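Just below is one structure, and these are the notes that go with it.
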Amino acid sequence: MTSPSAQVLRGHRVQTSFDSQTLEIARDGQRTRIPLPAVQEIRVTAPRSMEIVLTSGVRHPVTGPHPTATAAFATALSGALPPEPDPDAAAAVTTEQEPNQGLPWKLLSLGAPALAFVGYVTWVGIARGSDGAFAALLGGPFILIGLALVAYAVEEIHRRAVLRRHGITVRAERTRPGVFTYVAADGVARTYRIKRQLLGIHLIHDPRKPHVAAHVSPWYFVAARLFLVLAAGIGTGALGGTVTFHTAWLPDTE
């Protein structure tokens, strides 16, 4: 008799799967790989929810689409675990950030402004002719670049502020060029990518969200860099806005 296919549990913003050696949990753009010997037990906490408890004491809550799928996955995973858990295996747990985190949602969030901009350019073209439409269209890339720079600066300022208030500093060791590994407050090894030739760097991470981390730099360097990015974003966006919303409506000189 052919053995059943490996199960994949798809819940709200989380996907859990396993093979003969490793359990994988993908959640919010992160992928955690757990050796099966590092799993202490499986606890079903609700009809559609369960906890994966590691030998280190770390708990990973996951959910399923409905009670039947969750119960079947818990049974299958429990049957795949080795007879005795290995406390040392928890050191091999890794969590990595997936490269395209949130990309579909970001593209979707750009859809409405892009559609509105196309409608505006069309309206200008009808009212002012091809010259007005060209001027309105010309400022679009500058507006987009300016908004992207401002959004990056604001997000980085918020991240640095949170880390400054709640962060824990650890030493990360280089495992390969441009990739450093650190063990966060939850005991899970994570990677951080930055172009540095050093053998180790200091990272500050949020113990509540251990994947949120930043390399330690002098505050004045960070402030100067973010100020320049923010100023460049505002200036570029203002230039684009002037071309799109002012120049396009200037009266003809003929």
Side-chain angles (χ1 to χ4, degrees), residues 3-82 85-86 89-110 155 159 162-163 170 172 175-176 178-194 203 205-214:
S3 59
S5 300
Q7 295 187 36
V8 177
L9 188 67
R10 294 178 179 271
H12 178 61
R13 302 181 65 180
V14 60
Q15 176 177 300
T16 312
S17 61
F18 68 94
D19 55 25
S20 60
Q21 297 180 333
T22 307
L23 169 69
E24 286 194 359
I25 303 174
R27 186 201 323 265
D28 295 335
Q30 300 178 73
R31 186 171 297 274
T32 300
R33 294 179 174 87
I34 304 171
L36 291 185
V39 178
Q40 181 72 37
E41 62 175 318
I42 309 297
R43 297 176 182 171
V44 178
T45 56
R48 295 192 303 112
S49 304
M50 65 180 183
E51 280 187 343
I52 299 170
V53 184
L54 306 188
T55 55
S56 61
V58 175
R59 301 180 180 183
H60 292 274
V62 298
T63 59
H66 51 76
T68 302
T70 304
F73 187 88
T75 301
L77 178 56
S78 298
L81 298 179
D86 181 5
V93 176
T94 60
T95 299
E96 292 187 352
Q97 202 79 8
E98 295 184 313
N100 293 328
Q101 179 183 10
L103 183 59
W105 291 105
K106 292 178 181 178
L107 292 177
L108 184 62
S109 66
L110 291 175
E155 182 179 359
R159 184 169 70 111
V162 170
L163 291 175
V170 297
T175 52
R176 58 183 186 272
V179 179
F180 295 81
T181 300
Y182 67 101
V183 178
D186 60 356
V188 177
R190 288 178 167 83
T191 58
Y192 185 86
R193 299 176 184 274
I194 185 174
L203 288 179
H205 71 278
D206 186 351
R208 304 167 303 173
K209 297 180 179 179
H211 64 282
V212 177

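From a predicted model like this one, the values you see are computed outputs, not experimental measurements.
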* To do: For residues T191 and T94, determine if any side-chain heavy atom of one lies less than 4.5 Å from a side-chain heavy atom of the other.
  => no
* Asked: Any side-chain heavy atom of T63 within less than 4.5 Å of one from T70?
  -> no
* State whether the number of non-hydrogen atoms from other residues, nucleotides or ligands found under 6.0 Å of H66 atom NE2 is greater than 12. => yes
* Please check if atom CZ in R159 has more than 12 non-hydrogen atoms from other residues, nucleotides or ligands closer than 6.0 Å. => yes
* Asked: Shortest non-hydrogen contact from L9 to P65?
  -> CD1-CD, 3.9 Å
* Asked: Are any of the side-chain heavy atoms of V93 and P35 separated by less than 4.5 Å?
  -> yes
* Supply the atom-to-atom distance R43 CZ to M50 CE, rounded to the nearest 0.5 angstrom. => 13.5 Å
* CD1-CZ distance between I52 and R59, expressed to the nearest 0.5 angstrom -> 13.0 Å
* Asked: Got a donor-acceptor contact below 3.5 angstrom from the R33 side chain to the E24 backbone?
  -> no
* Side chains of L77 and L36: closer than 4.5 Å at any heavy-atom pair? -> yes
* Measure the shortest side-chain to side-chain distance between H205 and Y192 over non-hydrogen atoms and say whether it is less than 4.5 angstrom. => no
* Asked: Is there side-chain contact between T32 and R27, with at least one heavy-atom pair below 4.5 Å?
  -> no
* Atom pair NE2 (H60) and OG1 (T95), whose distance is rounded to the nearest 0.5 Å -> 6.5 Å
* Roughly how far, to the nearest 0.5 Å, is the CG atom of L23 from the CD atom of Q21? -> 13.0 Å
* Answer whether the closest heavy-atom distance between the side chains of V39 and I34 falls below 4.5 Å. => yes
* Structure fact -> Closest heavy-atom pair, A213 versus Y182, reported as atoms and distance to 0.1 Å, is CB-OH, 3.7 Å
* Kindly give the heavy-atom pair with the smallest separation between L163 and D206, and that separation in Å. => CD2-N, 3.4 Å
* Heavy-atom closest pair, residues T55 and A90 -> OG1-CB, 3.5 Å
* Nearest non-hydrogen partners of L203 and A172, listed with the distance -> CD1-CB, 3.6 Å
* Asked: With a 4.5 Å limit on heavy-atom distance, are the side chains of L54 and Q40 in contact?
  -> no
